[in-house]
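To start, the structure under review is shown below, and the notes come after it.
Here is how names work: the chains are called A, B, and so on, in the same order as the sequence lines, proteins then strands, and each is numbered from 1.
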Amino acid sequence: MVATTDTKKIVIEPVTRVEGHGKVTILLDENNEVQQARLHIVEFRGFERFIQGRPYWELPVIVQRLCGICPVSHHLCAAKAVDRLVGGENLTPTAEKMRRLMHYGQTFQSHVLHFFHLCSPDLLFGFDADPAIRNVFGIAAKFPELGKQAIFMRKFGQECIRVTAGKKIHGTGAIPGGINKNLTIEERDFLLKDMDQMMEWSRGAVKIAKDYTVENLEMAAGFGSFDSSHVGLVREDGALDLYNGGLRAIDKDGNTIFDHMDNQKYLDFIAEEVKPWSYMKFPFIKSIGPEDGWYRVGPLARINACDFIDTPEAEAARQEFAAVTNGKPNNITLAYHWARMIEVLHSAEKIQELLHDDDLQGEDLVVKGEPRREAVGILEAPRGTLFHHYKIDENDQVTMCNLIVSTTSNNMPMNMAVTGVAKKYLSGKKEITEGLLNHIEVAIRAYDPCLSCATHAMGQMPLKVKLVDCEGNVIDSRTKGASW
Amino acid sequence: MSQTVTLTIDGAKIEGQPGQMILGAAQEAGIYIPRLCHKDGLTPHGSCRVCTVMVNGRPMSACTTPITEGMVVENDTEQISSLRRDLIDMLFVEGNHFCMFCERSGNCELQALAYRFGITAPKYPYMFPDRDVDATHPDIMIDRHRCILCGRCVRSSQEVDGKNVFQFVGRGEEKRVAVNAEAALADTNVDVTDAAIEACPVGAIIKKRVGYVVPIGKRLYDHKPIGSEIEADGAVTAK
């Protein structure tokens, strides 16, 4: 690939081993120095529009169709909003615990899928290893024990969803003001028989992620890392809470920007900006402004933002995590993996705790109160804070919907990471190899983006890179199909 | 009337009462003939044609054809199944049926029939018609996207409820179920306890705010195919 013009553009399309479809463009000058790098999300679905006119009780079931990876997030987030529409936000213990079991099961399976199936090939084989083995099948061949854990841990999480929602994917468990079933003794015992194994494997997963981060700390610190604010839900006492809590934002040094704001007024402190080159919006903290107000969400942001974790083993893991940055927020992009595995352990502990709670066999499933016409639901999806906002009319039909999906909040951070890695690894290189391009994808993957959800769009996420001159002529391109 | 009529269905000899329709006689004998527009207790309509059987070599709707002595009926043959599959298929594509989020899923006769006939995706192209929703009534909603024009609501309202809430208007592609009011459902004398509301085989007429209350696994057709209640018990009474 010989460039004869002054400026070149590399396009990575589609990006692989992430959920959804996106592309990366990298602009090079005449010396092959990276001038600009951007992650574009190029799909559009329009959920916010086409659910208008539908009755509100359909929302948890229809909106979850945004995603096949963590539909439970949308199911429960919509349900939380719909609870308020029927005045049933103070759930019965059985309803809340059933929903939590569903949510922890989902977080567990989604994180496991991401770490073992999508990312471990990069971490265990190297970013520029032969792509023929740098995939989940390569993992299964070389590390069969890990391959087995990947499958059975994911299965366990999916079973938690099945017994609470009726199906492993796209169930109907959460209904306005509650849940449509409790947990039978048979279902409880079915999950309990694998619980000890799941705990053990979760500890192992934390160790893999921790060891990788600590052993490669210097590389990781320079790999698409940057200072940022962090946003996540925390319980009233500051504990990590994935299902319910108040929103907290901290800056790069850990100073509070806001804490336990009224979730119903999220628009007072979060706004979104649109840029012409992406279907994905750019949210920002209003008090700081669009330029510097962007923030990170997801496991890294949550572990940074919480004061502690209320399950003992995950809390011990969090303390080790915090010690690496002397208690200050960890701004290392690749540390997302470690934080994510701490949440896997936390989810396993929570599932274990719930399975021993008799409330799950309770019969009191639904509450209702004074109806409302507008409501907001917020929860922590595996990929970060999720906002669902609905308005309905006097006929129970949806008139307005606004969704701020986790990956959307990580839009700017992913662009920062892509730019950082491109500048560091691609600048000045005569030839852009597949291995070099995978470095870009490794940075994106750390955020576990779900581009389908983020644009409320659909599709797979293969990756294509094009080298284009300043007049738009393609000089060279490299395309990778979805790897599995 | 003590006289009986003898006929065969797929070679099996059964007996029925004079004046009885093929569908009813078959049902009493424990033979299920698929149907959508037919509902026990309502005047037979013969419009959906899903109950089509071969009578002495000719296709007839089983719900409107009276039995006669020595009649030879074919019901469960590949030729008829293929015909029924096409009919069900066309009902799907000419409406906007999204089973994945429809609250009638699992309790829907159209969906259950599709499963019974092994239809996982329609073979005809979707028509995506532009239809509307009438949610004006405080307790009842009409979602015309899902209406299959079976007329069960029309007949139930007239024959069981003694009202006249629903009626067909338009022809061909324009045909739809209208309500007997100047504007909308809220202006009619319909009540949530009306038989007409329960009569809908699909999710076109629904009670508000009760969707999804029955968990997956406990719904009508979650474990057994539609019609199996007739096949399991030959003594089901048809009127």
How many angstroms lie between atom [atom1] of [X] and atom [atom2] of [Y], to the nearest 0.5 angstrom?
| X | Y | atom1 | atom2 | answer |
| --- | --- | --- | --- | --- |
| His170(A) | Met100(B) | NE2 | CE | 9.0 Å |
| Lys181(A) | Ile216(B) | NZ | CD1 | 10.5 Å |
| Arg54(A) | Phe98(B) | CZ | CZ | 9.0 Å |
| Met141(B) | Trp57(A) | CE | CH2 | 5.5 Å |

Atom group of [X] that falls short of 4.5 Å from chain B, counting heavy atoms:
| X | value |
| --- | --- |
| Ile175(A) | side chain |
| Ala174(A) | neither |
| Glu58(A) | both |

Region of [X] in contact with chain A, defined by heavy-atom distances below 4.5 Å:
| X | answer |
| --- | --- |
| Lys218(B) | neither |
| Val210(B) | neither |
| Asp222(B) | neither |

(request) Give a yes or no on whether the backbone of Ala135(B) and the side-chain of Asp396(A) come within a donor-acceptor separation of less than 3.5 Å. (result)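 Checking the backbone N and O of Ala135(B) against the side chain of Asp396(A), no donor-acceptor pair under 3.5 Å is found.
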Under 6.0 Å from the [atom1] atom of [X], do we count more than 12 heavy atoms belonging to anything else shown?
| X | atom1 | result |
| --- | --- | --- |
| Lys224(B) | NZ | no |
| Asp130(B) | CG | no |
| Phe190(A) | CZ | yes |
| Glu173(B) | CD | no |

(request) Only one of Thr172(A), Val63(A), Leu59(A), Val61(A) passes side-chain contact (heavy atoms from CB on, under 4.5 Å) with Phe101(B); say which it is. (result)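 It is Val61(A); the other options fail the test.
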(request) With Asn395(A) as reference, evaluate Asp134(B), Val133(B), Thr136(B) under the side-chain contact (heavy atoms from CB on, under 4.5 Å) test and give the passing residue. (result)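 For Asn395(A), the side-chain contact (heavy atoms from CB on, under 4.5 Å) check succeeds only for Thr136(B).
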(request) Would you mind telling me which of Asp132(B), Val213(B), Ile206(B) has the largest number of heavy-atom pairs within less than 4.5 Å of chain A? (result)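 Heavy-atom pair counts peak at Val213(B).
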